[in-house]
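Computed from a prediction, not measured in an experiment: that's the story for all the values here.
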Amino acid sequence: MGEVVRKFVGAGVAAVLVATGVAAGTAAAAGDPTFYFDPVTDKVVAPGEGWVWLSPGSTGGEHTGEPDGTYVYAISKKALTGGTWYGGVPAGMKVDPTDGCTAKAGVAGVYLCDLKGWSNPAPEISAASTTADMATAYYSLVYVPRGASIDAGVKEAQTAGAKPITSRRAHATVTAKTKAHVAKNTMVLSTPALPAGGTVSHTMKLHAVDKGRLSMYLTPAPGFRGWDEGELKVEADGVESSAGVDATECDHSLGEAGEIRCTVKKPGDYTITYKLKADAASPAWKLRNTATYEVYDFGTGNPEKVSDFSVTGGPAVTERYRLVGRKADGELYDYRGTGKASKPFADVELVGSSLNWNQYSALTRLGPVTVQSTGPGAVARTKDGVLWFYRMAGHGGIYKDRLRVGAGWNAFNSLTGASDLTGDKKADLLARDTAGTMWLYPGTGVSTAPFGAKVKLGAGWNTYAALAGGVDLTGDGKADLLGRDTAGRLWLYAGTGVAAKPFGARAQVGSGWDIYNQLVAPGDLNADGKADVVARDKAGVLWWYAGTGVAAKPYAARVKVGPGWQAYNLLF
């Protein structure tokens with residue numbers, strides 16, 4: 001046979017692929033004599049939430065013409081097997097004909113939908129919160145070509161449940177299931193650790209009281225960043241079910257991590273077993289397996305279970321950090337670290353434009369901020385001297401809503417986040433007053449009162465035009481501080497981790513730094529485990545100084561990141 005083109009439509013969107021021959025048994029139709037639709041499917045809706053669409057999943061046919069006719073939907077309170085007609089839906093359910101569909105006059109529960117072209121007009125069914133558990137509506141779909149008898153199509157639809165499903169006639173159900181009912185579907189996950197260079201079998205025991213669709217997929221566990229393509233080096237390696245294909249059908253996606261999927265065709269108890277294998281160089285990620293049992297076609301109560309496990313024996317996962325820039329109009333722009341020396345930051349993203357960040361006369365993060373929005377948070381001072389604390393979001397965005405710390409902070413002309421200076425693992429804040437005295441505000445770890453009483457560190461700090469802290473530059477695990485004086489010399493204050501004397505004697509580590517008007521220590525940018533420094537010159541070029549972890553020379557020669565950074569009046 002010659003080559004023909006078939007059209008498939010799902011959710012009203014057409015795709016085209018090439019096939020040979022014409023499928024046997026397809027229904028004749030006006031406009032396209034080979035037009036057909038896939039069978040409609042049983043659907044489940046949550047009372048009080050959303051709706052389900054009765055349309056077939058896809059339609060098809062040759063390109064000799066477009067379908068032209070009528071979809072006849074019959075909806076009944078009882079099975080569509082003939083005899084007395086019980087048109088309509090059970091109490092609590094509602095039918096919305098939607099555009100292109102109308103109720104047939106004189107016949108309750110029958111809807112006629114005009115089909116022209118590759119679309120799938122259909123009514124929708126929803127269930128009110130008062131709908132009884134397991135309330136069921138029975139529905140059918142029959143295609144009637146243009147010019148054929150609509151009345152004959154209606155009779156065919158009303159009795160479709162007693163006839164075989166064909167390419168132009170199908171039937172199914174819509175059932176309302178309460179959340180209490182659906183919650184009886186339970187899962188138990190077993191996810192032992194996966195050794196680098198080895199394999200492991202994970203299992204999921206499913207107690208299914210309903211048919212459904214099971215999916216399991218891997219993501220970074222809380223506290224771990226996402227991986228680049230090819231970086232995780234963990235693959236799904238087969239999946240098996242304790243039941244045969246008559247009860248379940250399972251597969252998995254290929255490639256890194258992958259997804260396990262099973263269609264559960266009938267209630268029962270099942271054990272799903274899948275294998276994971278890790279490359280010998282797979283980093284020591286902690287992973288989360290999220291299993292979802294999808295009973296609802298629309299609804300938020302589908303059972304979900306999570307289980308975390310580790311990849312063991314491989315290299316450590318290096319953290320990645322971000323740099324944020326504020327423009328004069330108050331918008332924040334986010335630069336996520338890539339861990340790559342050739343391009344230390346990913347493409348910029350806009351964040352926080354609605355939060356009016358230009359209301360602050362001082363703004364500093366208390367320590368490095370990771371790409372997954374973890375860290376000790378940030379503080380910001382409004383122009384009237386009120387200090388606000390921003391907690392980390394941990395997902396999406398960067399910061400949560402602010403919390404008020406207190407007033408009177410206009411006494412300080414510099415605020416610098418310093419990470420932990422006192423050895424208690426809580427982030428501290430340095431504040432320099434207008435007389436040049438430096439004060440330490442020890443962190444408490446309590447978001448509603450983030451700082452304890454201030455402690456005087458010493459005078460003479462007004463010699464510095466810029467301060468940057470919050471990272472370990474010397475390789476001893478203690479947070480250090482950099483200061484650039486008005487003559488352009490750069491000084492390192494090595495942290496001691498002792499509250500009574502948080503810094504050792506200063507040491508000069510550079511000169512000529514007065515060419516820079518912004519200085520930030522964002523964290524490790526090239527995934528070598530050492531904290532780095534970035535500086536913006538007066539022409540708006542950003543420069544990166546890779547950390548060495550050596551106190552005598554804490555950074556390597558500068559590398560140009562790129563121009564255009566003068567767009568920001570603050571980097572932090």
Side-chain angles (χ1 to χ4, degrees), residues 25-29 35-47 51-57 59 69-98 100-115 120-128 130-178 181 209-211 246 265-267 295 297:
T26 53
F35 172 74
Y36 64 93
F37 58 76
D38 286 344
V40 293
T41 58
D42 293 339
K43 301 179 186 297
V44 178
V45 63
W51 45 266
V52 290
W53 198 31
L54 305 187
S55 166
T59 58
T70 301
Y71 273 165
V72 178
Y73 290 91
I75 304 171
S76 171
K77 302 180 186 71
K78 293 191 176 183
L80 300 168
T81 54
T84 304
W85 175 240
Y86 296 93
V89 291
M93 287 188 172
K94 177 184 176 183
V95 179
D96 180 359
T98 73
C101 299
T102 58
K104 180 171 175 57
V107 187
V110 173
Y111 298 86
L112 307 180
C113 302
D114 192 32
L115 178 64
N120 272 324
E124 297 169 355
I125 292 181
S126 58
T130 56
T131 306
D133 183 44
M134 298 301 292
T136 300
Y138 301 82
Y139 75 103
S140 65
L141 169 60
V142 169
Y143 176 73
V144 178
R146 190 74 59 193
S149 170
I150 296 294
D151 288 342
V154 169
K155 290 181 180 179
E156 185 178 2
Q158 289 175 312
T159 58
K163 302 172 184 175
I165 291 175
T166 69
S167 58
R168 60 180 293 272
R169 178 182 66 232
H171 60 90
T173 60
V174 176
T175 303
K177 297 183 180 181
T178 64
H181 173 115
V209 298
D210 299 295
K211 296 186 295 182
D246 291 339
K265 302 177 182 178
K266 59 184 180 181
V295 177
D297 291 88

Nearest heavy-atom pair of [X] and [Y]: which atoms, and what distance?
X	Y	result
A160	A170	CB-O, 4.4 Å
V95	P97	O-CD, 3.8 Å
A152	S149	N-OG, 3.0 Å
S55	N120	OG-CB, 3.0 Å
P123	C113	CD-SG, 4.1 Å

Just wondering, do [Y] and [X] contact through their side chains at under 4.5 Å, heavy atoms?
X	Y	answer
D151	K104	yes
V89	K94	no
Y71	L141	yes
W51	I125	no
T59	Y36	no
L54	I75	yes
M93	K77	no
H171	V40	no

Check your understanding: With a 3.5 Å cut-off and no angle check, do the side chains of T136 and T175 form a donor-acceptor pair?
Key -> yes

**Study point:** T159 and K163 side chains, donor-acceptor separation under 3.5 Å
**Key:** yes

Determine yes or no for a side-chain-to-main-chain donor-acceptor pair under 3.5 angstrom, with [X] supplying the side chain and [Y] the backbone.
X	Y	result
T70	V72	no
S76	A79	no
D297	V52	no
T98	A122	yes
D114	G100	no
K211	V295	no
S140	A157	yes
D42	A172	no

Exercise for review: Test Y138 against T81 for side chain to side chain contact (heavy atoms under 4.5 Å, CB included), laying out the working first.
Suggested key: CA-CA 10 Å; Y138 301 82; T81 54; over 6 Å; no

In Å, rounded to the nearest 0.5 Å, how long is the span from [atom1] of [X] to [atom2] of [Y]?
X	Y	atom1	atom2	answer
M134	K177	CE	NZ	5.0 Å
Y111	D96	OH	CG	9.0 Å
T178	H181	OG1	NE2	7.0 Å

Practice item. Identify whether the distance between the nearest side-chain nitrogen and carboxylate oxygen of K43 and E124 falls below 4.0 Å. Key: no

Review point. W85 and L80: side chain to side chain contact (heavy atoms under 4.5 Å, CB included), yes or no, with the steps?
Key: CA-CA 8 Å; W85 175 240; L80 300 168; 3.5 Å; yes

Exercise for review: Starting from the C-alpha separation in whole Å, work towards a yes-or-no answer on side chain to side chain contact (heavy atoms under 4.5 Å, CB included) for V174 and Y139.
Suggested key: CA-CA 8 Å; V174 176; Y139 75 103; 3.8 Å; yes

Practice item. Tell me, with the steps shown, if V44 and D210 meet side chain to side chain contact (heavy atoms under 4.5 Å, CB included). Key: CA-CA 10 Å; V44 178; D210 299 295; over 6 Å; no

**Study point:** Over-ring placement of K78 relative to Y86, 6.0 Å and 45° cut-offs
**Key:** yes

Check your understanding: Does the ring pair (Phe, Tyr, Trp, His ring centres under 6.0 Å) test come out yes or no for F37 and Y143, once each step is laid out?
Key -> CA-CA 9 Å; F37 58 76; Y143 176 73; 7.4 Å; no

